[in-house]
Each structure stands twice: as structure tokens, then as C-alpha cells.
Amino acid sequence: MKKVTITDIAKLTGYSIKTVSRVINNAPNVKEETRRKILQVIEEHNYSVNLLAKALRNSETRTVILFIDRRKGKYWNEWHDLMLKSIMVKLKDRGYKVILSPSSGEETISNDTDGFHLLKSGLADGAIMFDVISKDCRVKYLRANNIPFIIIGKDMDFTDTSFVDLDNYLVGFIGAEYLINKGYKNIVFFLGPKVFNVNRDRAQGFEEACKKHGVTHSVFYGISTIKGIYEKTHELLSRATVDAFFISGDEKALGAYRAIREKGLKIPEDVAVLGIDNLPSSEYMYPPLTSIDQNVEKFSDQAVNLLIEMMHSKEKTPKRIILTPRIVERQSV
DNA sequence: CCCTGGCAGCCGAAGTTCTT
DNA sequence: AAGAACTTCGGCTGCCAGGG
């Protein structure tokens with residue numbers, strides 16, 4: 001059976017295509033009775049707007065693609081979850097459709113099942129990138145093809161891209177200073193893989209604060225799982241005197257909590273734990289986890305606003321928004 | 001002012017005709 | 001016979017015109 005088009009509805013109702021279009025789009029200046037009649041025929045014939053045709057006409061699909069890291073979910077944490085959820089809700093509220101596309105910054109763009117071909121073919125208007133690495137091939141591709149996109153995080157390769165980022169240097173810095181001011185003198189910082197810009201920035205801020213105050217410290221990259229943190233915490237507590245763990249990614253603090261307890265130590269009397277992300281669940285750890293907040297709401301708000309602005313304006317002056325982290329004090333430090 | 005209708009043109013693929 | 005150069009096609013809406 002052939003698809004019902006706006007022309008069919010026009011013929012069936014006896015009104016013009018234009019009037020039907022107005023009804024579909026809830027445009028003003030249609031007599032109530034006309035609107036009702038047309039809506040009834042639309043219902044009877046199960047008509048819905050052809051999105052392809054509409055996109056062709058408007059040069060706009062009102063679809064946004066969210067690129068997330070594909071690599072076995074290895075670097076995917078709860079913070080991503082919260083951010084995605086928040087961004088999706090905000091885009092939907094603004095009338096955009098959302099497509100999730102797993103991809104990776106290290107692979108070449110060759111797979112036509114991913115979002116890149118949709119964007120290049122005009123089947124989506126813009127993109128939001130997560131987990132950007134240096135020399136990210138996805139960023140190169142979007143830039144080269146003049147596709148509006150923003151990065152969640154920092155771009156070190158280009159100066160003309162737009163992004164929203166947390167001041168991750170400051171995250172490391174204020175985290176270290178907070179621990180130091182509370183009297184801790186031997187601090188360990190656990191982070192994910194070094195390839196991600198965010199981790200290097202955090203480590204740099206941390207190290208500079210520790211040096212400034214002459215405090216013993218060490219940084220461990222590439223510890224991405226709760227299990228990894230658990231094992232490393234055990235090991236460190238067995239052979240060194242550590243009195244504070246600073247952990248990138250609240251959910252991983254669970255691993256440290258258990259190792260610390262198993263060593264017969266108390267949080268925060270013997271050992272402090274400071275997280276990053278301020279996840280909703282962190283409040284219910286025992287003791288409640290002190291954490292550095294990323295403000296997911298504000299973050300996603302800025303990201304969505306920036307992208308929509310980019311998709312609608314012709315001139316593309318890059319915008320870079322840096323958010324300030326804030327410590328949420330609970331009872332683990 | 002309120003309501004309605006006509007038409008161009010969005011864009012790339014496929015089809016058609018013209019040129020060598 | 002093969003390539004170049006046009007034309008058509010698809011569904012929809014912004015702009016403009018026109019009747020009451």
C-alpha cells in the first residue's frame with residue numbers, strides 16, 4: 001500500500017495542501033471547523049508527516065547525534081549516564097530527536113552504520129561528542145565536513161572548535177588543597193587512562209597544589225574499575241603510609257572504601273577519601289562521600305544551548321565554556 | 001482582520017536526450 | 001557506445017496573493 005501524503009489528505013478533505021500543512025503544524029489562521037475536519041481525515045487514514053520530505057524542504061532534520069565511546073564501555077561511568085540522560089531530556093524539550101551513536105576517536109570513519117554518514121547526508125543536524133582524545137578522528141571529520149558539533153570536554157588539537165568543559169585543572173587543584181588544609185600529608189590520586197585530556201588536566205592541578213604545599217603525593221593513571229581501585233588501595237596501604245585517596249569517579253570510591261575497612265582503618269579518621277562527580281548515590285555510601293561536583297544540570301544546559309545556537313547561526317565563531325567545580329562536603333574527609 | 005490557496009524550491013538520484 | 005548535459009521526481013512549507 002502506498003504511503004498517505006499531504007496531497008492525499010488535501011484531496012480527501014477538499015482543502016488545499018497548504019491548509020492541511022497548517023493544520024499539521026498547528027499554525028494559526030485555520031477555522032476551527034476546518035481544523036477538526038482535516039484532523040479527522042488524518043486520523044482515519046493514519047497519515048503522518050514524511051520527515052524526509054520535511055527535512056528536504058526545511059534543510060533541517062531536528063535530529064542530533066550523541067557520540068559516545070564504543071570501546072566495550074571501558075571508560076563509561078555513571079557520570080556519563082547522568083549527562084546523557086540530562087542532555088537527551090533537554091534536547092527533546094527543545095523539539096529535537098536524539099540518536100546515540102557508539103564510535104571511537106581512534107578508529108577511522110568507515111562504518112556507514114554510525115552517525116557520521118547520517119550527518120554528512122543531512123539526515124541529522126549536529127552532534128555532541130563525548131570522550132574526545134587528542135588527534136581524535138571524529139573531531140577531524142566533523143570539522144572537515146562543516147557539521148555543527150560541540151565537545152563535552154576539552155579540544156587540544158584545534159582552536160576553532162566549540163566545547164563545554166569543567167575546569168579540570170582546578171578540580172585537581174582544589175581537591176588537593178582541600179585535603180591538605182584538612183591536614184592530610186600523604187595523598188594518592190587515582191585516575192582513568194592518560195589518553196583522555198581530562199585526566200591529564202586533573203593530575204596537573206593536583207601535582208601543582210601538592211608541590212606548592214610540599215606534600216607527599218603520587219598519581220596513578222589507568223585505574224578504571226572499582227576492582228582496580230580496590231586492589232591498588234590494598235597494595236598501597238600494605239607498603240606505604242597513605243592518609244588520603246583522591247579518586248576520579250565517585251563510583252570507584254567503593255573499591256577504596258572496602259580495602260580501607262579490610263585493613264582495619266577508619267574513614268576519615270585514619271584515611272580520607274575524596275571523590276569527583278558528586279553522584280546521587282555518593283550521599284548513601286558509608287560514611288557519605290565528600291566529592292567534587294560537576295553540576296550536570298548546568299553542564300548539559302550549556303552544551304544543549306551551545307549546540308542549538310551553532311546549528312542555527314551561519315557564522316561559526318567558536319565558543320568555549322569552562323565550568324567551575326565545587327566541593328560538596330560530607331563525611332569522608 | 002480572518003481564512004484559504006498557488007507556487008517555487010529544498011537536494012541528490014535516476015531517467016532522458018543530446019553530443020561526440 | 002559512452003559520456004555530457006539537461007530534466008524530472010519526491011513531500012513539504014515560506015512567501016505572497018486574494019476573497020470575504
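Quick note on labels: first sequence line is chain A, next is B, and so on, each numbered from 1. Values in this document were obtained by computation on a predicted structure and should not be read as measured data.
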Discussion item. What's the closest nucleotide to the side chain of A:Val30 if the choices are B:dC11, B:dT4, C:dT13?
Written reply: B:dT4
Worksheet item: Which one, C:dC12, C:dG14, B:dC10, comes nearest to the side chain of A:Ile6?
Response: C:dC12
Discussion item. From the set C:dT13, B:dC10, B:dT4, return the single nucleotide nearest to any side-chain atom of A:Ser59.
Written reply: B:dC10
Item to complete: Ignoring hydrogens and angles, tell me if any N or O in the side chain of A:Asn295 forms a donor-acceptor pair with the backbone of A:Lys298 under 3.5 Å.
Response: yes
Worksheet entry | Test item: A:Asp243 side-chain N/O and A:Lys185 main-chain N/O as donor-acceptor pair under 3.5 Å | yes
Fill in: Touch class at under 4.0 angstrom, heavy-atom based, for A:Thr34 against every strand present
sugar-phosphate
Discussion item. Centroid separation under 6.0 Å, is that true for the rings of A:Phe116 and A:Phe67?
Written reply: yes
Fill in: Under 4.0 angstrom between A:Asn58 side-chain N/O and C:dC12 OP1 or OP2
no
Worksheet item: At under 4.0 Å, does any side-chain N or O of A:Tyr47 touch on OP1 or OP2 of C:dC12?
Response: yes
Worksheet item: OP1, OP2 of B:dC2 versus side-chain N and O of A:Lys31: anything below 4.0 Å?
Response: no
Discussion item. Is the ring pair A:Phe190/A:Phe245 parallel, tilted or perpendicular, if the boundaries are 30 and 60 degrees?
Written reply: parallel
Discussion item. At 4.0 Å (heavy atoms only), tell me whether A:Asn50 reaches a base, stays on the sugar-phosphate, or touches nothing.
Written reply: sugar-phosphate
